[in-house]
Amino acid sequence: MWTSYPVFTDEMKKTHKILIPNMAPVQFRILAAAMENHGYNVELLGNCGNQVSELGLKYVHNDTCYPALLVIGQFLDALQSGKYDLNHTALIITQTGGGCRASNYIFLLRKALIRAGYENIPVLSLNFSGLEKESSLPMDFPFLRMILAAIYYGDLLVTLKAQTEPYEIHTGDAAALQEKWLDYICDHVRRGKGYSYKAMKNLMPVIASEFSRIPVRRVSKVKVGVVGEIYVKYSPLGNNDLEKFLAAQDCEVNLPGLMGFVQYSAFNLAETSRLYGGGLVERYGADAVLSYIGRMEKVIIRTLKTYHFHAPLPFKELVALRDGIISTGDKMGEGWLLTAEMIELIRAGYENIICAQPFGCLPNHICGKGMINKIRELYPIANITPIDYDPSATRVNQENRIKLMLAVGQERLSKKSPSVPDARRGADNPENENENHQNPEIPEIRRAGRKAALA
C-alpha cells in the first residue's frame, strides 16, 4: 500500500502542468490566469461525457458524493487521454473544510490515482482552512486578492450575460461580449494588473456599459433561479448543462454568484467562534476578510444598478433573510446560505427555483428540500423543484421534472396583467432596443474606466 504521497515542490512550477477541474467555467478561467501570474503552468479541463462518470464509478464508490465522482473521473479521463506527459503533470482540487465530504475529496483522489497506476502524480489542495499544509497551494496576500477579483469578475460576467442573452435581438451578442471581456481580464491578470479595488472600480462599469448597449427586445419570460450544492449548481458536467437547457426553454436564469459561497465560508469561521468558542484569530480574521470583500461587493452592486441590471443583495442583508427560519449554526455543506438564496430569489421575482443537489447529500437535502415547505408557507408564490443528480439519475427524468415546474411558471406568467416596462433595461417596446439610458454620468464613467483599464 502506498503510504507516502508525492508533494508538489517549487521546482515543479517550471516542469509540471497543473490540471484544474472545471466547476465554474467563467470564474475558474480567470482563476487559472491568476495561477499563471504566479508562475504555474495550468490547464482548465473541458472534457465531459459519459466516460467521465463511468471512470469515476470505476474508481470511486457509488455511494460517495457525486461531485467527487465527477471530479475524479474528469481527472482520470484527462490522464488517460494521452495529451499529457504523466511524469510532468499535477492536479489541483479544492477543499471546503468543515463537515462536508468535499473536505475528503483529496484523499479519494489519491486513492483513485494509486489504483489507476498514477501514484507519481502530485495533488495540490486549494483551501482557506489550513488543510493539507504540505500540499496546499501557497497563497500570499496579492494572490488572495487575485483570487477574489477573479471570482467577482466572473460573477459579473455571468450575471450580465444571463440577464442580456434571453432578450438579445442578434443571437450570440452576449456570449461574444462575455468572451471578449474574459480574454481581456485574463490577459490583465496574467500580467499582474486589474485585480486591485481601484482597477475593479474603474473596469466593471465599462464592462456593464457595453452589455447595456447590446440591442434587446424586452418581453415577459419565466424567470428561474438555480441554487444547490456548489459543484452541481455551477458545473455543466455536474448538472447536465442545466443553463443551456433552461435557455432552450426560453427562460431567464439567475445563478447566484460564487462569491456568496466565499463570504458564507468566511462568515462561518467567525460564527463558529461566536457560537461555540474559539480563537480571536479566526473570529477577527474572518471579519477582516468579509470587510475587504465588502468593498468589492459594493462596486459590483453599484455597477449593476447603474446600468439597470438586477443586482444581488449585500451579504449582510442576505444573512438577515434566514432569520427566524434557519440558524446560522446550520453550516454543513451550503447550510443556511442555500435557504437564504432561495428567499432572495423569490423576493427578486425569480420565484421558479431549481434546487440542484447530489443524491444523498444530507446537508443540502436538509437545507434545500427540508426548507421548501417553510418557504412556501412564507412565500406562497414559490415554485421550487428539487432535482437530484446522480450516476443513476437519467437526464430525461430530470428535464421532465424541470419542464413541469416551468409549465407552472408559464401558466402563472400568462395570468398576470400586462407587464410594465422592465425597470432594468428600458421597456418591452422595440423602439427602446438601443436605448442608452440617457444617464449623463455614463459617458464619463466609460471614458474614465477605459483610461484606467488600459493604464
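The side-chain heavy atoms of V227 and L345, taken from C-beta on, include a pair separated by under 4.5 Å. Between P236 and P25, the closest side-chain pair of non-hydrogen atoms falls below 4.5 Å. P256 is listed as a side-chain neighbour of N254, based on a closest heavy-atom distance under 4.5 Å. P215 has its side chain within reach of H170: a pair of non-hydrogen atoms, C-beta onward, lies under 4.5 Å apart. With contacts defined as side-chain heavy-atom distances shorter than 4.5 Å, the pair Y40/K17 does not qualify. In this structure, P312 and I300 have side chains that are not in contact, with every pair of non-hydrogen atoms separated by 4.5 Å or more. Side-chain contact between V226 and L246 is present, with at least one heavy-atom pair separated by less than 4.5 Å. Side-chain contact between F8 and V123 is absent, with no heavy atoms from C-beta onward closer than 4.5 Å.
Judged by the 6.0 Å distance and 45° axis criteria, R217 is not positioned over the aromatic ring of Y167.
Q80 pairs by the side chain to side chain donor-acceptor pair (under 3.5 Å) definition with nothing, not counting sequence neighbours. Judged as a side chain to side chain contact (heavy atoms under 4.5 Å, CB included), and not counting sequence neighbours, the contacts of A24 are Q27, F28, Y234, L258. Evaluation of the side chain to side chain contact (heavy atoms under 4.5 Å, CB included) rule for V26 yields L157, V158, Q178, L182 as partners, not counting sequence neighbours. Residues passing the side chain to side chain contact (heavy atoms under 4.5 Å, CB included) test with L313 are E317, L321, E344, sequence neighbours excluded. Looking at residues two or more places apart in sequence or on another chain, you find a side chain to side chain contact (heavy atoms under 4.5 Å, CB included) between R302 and K201, K298, V299, T306.
We find the CD1-CZ distance between I230 and F261 to be 4.0 Å, quoted to the nearest 0.5 Å. Here the CZ atom belonging to R190 is positioned 10.5 Å from the CD1 atom belonging to I30, to the nearest 0.5 angstrom. Distance check, rounded to the nearest 0.5 Å: CZ of R295 to CG of L148 gives 12.5 Å. For the atom pair L337 CG and R322 CZ, the distance stands at 11.5 Å (nearest 0.5 Å). Distance check, rounded to the nearest 0.5 Å: OG of S125 to CD1 of I93 gives 8.5 Å. Between the CE atom in M146 and the OG atom in S196 there is a gap of 10.0 Å [rounded to 0.5 Å].
Across T303 and A208, no two heavy atoms sit closer than the pair CG2-CB, 3.5 Å. G238 approaches L70 most closely through the heavy-atom pair CA-CD1, 3.5 Å. Between L19 and A78 the shortest heavy-atom distance is CD1-CB, 4.1 Å. Scanning both residues, G46 and N22, for their nearest heavy atoms gives CA-ND2, 4.4 Å. In terms of heavy-atom proximity, S53 sits nearest to L69 at O-CD2, 3.6 Å. Between G192 and N37 the shortest heavy-atom distance is N-ND2, 3.2 Å.
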Show, in sequence, the C-alpha distance, side-chain angles and deciding distance for N364 and E229, and conclude whether the side chain to side chain donor-acceptor pair (under 3.5 Å) test is met. CA-CA 6 Å; N364 288 289; E229 188 275 332; 5.8 Å; no
Between K223 and E351, is a salt bridge (charged side-chain N to carboxylate O under 4.0 Å, His left out) present by the stated rule, with each step listed? CA-CA 7 Å; K223 295 182 179 181; E351 66 271 12; over 6 Å; no
Show your reasoning for whether salt bridge (charged side-chain N to carboxylate O under 4.0 Å, His left out) applies to E168 and K161. CA-CA 10 Å; E168 64 187 4; K161 178 175 177 286; over 6 Å; no
Give the C-alpha distance, both sets of side-chain angles, the deciding distance and a yes or no for side-chain contact (heavy atoms from CB on, under 4.5 Å) between T164 and L177. CA-CA 11 Å; T164 303; L177 191 56; over 6 Å; no
Begin with the C-alpha distance, continue with both residues' side-chain angles, and end with the deciding distance and a verdict on salt bridge (charged side-chain N to carboxylate O under 4.0 Å, His left out) for E252 and K221. CA-CA 7 Å; E252 179 189 327; K221 291 181 182 286; over 6 Å; no
Could you walk me through whether I207 and L160 satisfy the side-chain contact (heavy atoms from CB on, under 4.5 Å) test, starting with their C-alpha distance in whole Å, then the side-chain angles of each, then the deciding distance to 0.1 Å, before giving a yes or no? CA-CA 9 Å; I207 298 171; L160 292 171; 3.8 Å; yes
With side chain to side chain donor-acceptor pair (under 3.5 Å) as the criterion, how do Y197 and R145 come out once you've worked through the C-alpha distance, each side chain's angles and the decisive distance to 0.1 Å? CA-CA 9 Å; Y197 169 78; R145 290 172 64 197; over 6 Å; no
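Side chain of N120 to backbone of L86: a donor-acceptor contact under 3.5 angstrom is found. Between the side chain of D140 and the backbone N or O of F143, at least one donor-acceptor pair lies under 3.5 Å. Judged by distance alone, with hydrogens and angles left aside, the side-chain atoms of N352 form no donor-acceptor pair with the main-chain N or O of V222 at under 3.5 Å. Proximity of a side-chain donor or acceptor of T339 to a complementary backbone N or O of C367 within less than 3.5 Å is detected. Under the 3.5 Å distance criterion, the side-chain polar atoms of S212 are matched with a main-chain donor or acceptor of S209. Panel note: side chain N239, backbone D241; a donor-acceptor pair is recorded below 3.5 Å.
Using a 3.5 Å distance cut-off with no hydrogens or angles, the side chains of N41 and E36 do not pair a donor with an acceptor. Donor-acceptor pairing under 3.5 Å is recorded for the side chains of K331 and T272. Side-chain contact check for Y66 and Q357: no donor-acceptor pair (N or O, by modelled atom type) lies under 3.5 Å.
A salt bridge links K180 with E210: at least one charged nitrogen is closer than 4.0 Å to a carboxylate oxygen. Ion pair E341/K233 flagged as a salt bridge, since at least one NZ, NE, NH1 or NH2 atom sits closer than 4.0 Å to an Asp/Glu carboxylate oxygen. Ion pairing between a basic and an acidic side chain is recognised when a charged N comes within 4.0 Å of a carboxylate O; R29 and D183 show such pairing.
Screening residues 256-273 for salt bridge (Lys or Arg N to Asp or Glu O under 4.0 Å) gives E271-R274 as the qualifying pairs, with residues at least two apart or on separate chains.
A side chain to side chain contact (heavy atoms under 4.5 Å, CB included) with I20 is found for one member of L126, V42, T94, L124 and no other, namely V42. The side chain to side chain contact (heavy atoms under 4.5 Å, CB included) with L237 is formed by just one residue from the set N47, V52, V71; it is V52.
Taking the ring centroids of F267 and Y264, they lie at or beyond the 6.0 Å cut-off. The aromatic ring centroids of H188 and Y195 lie 6.0 Å or more from each other. Not less than 6.0 angstrom separates the ring centroid of Y153 from the ring centroid of W181.
Annotation: R191, atom CZ; neighbour count of heavy atoms from other residues, nucleotides and ligands within 6.0 Å is above 12.
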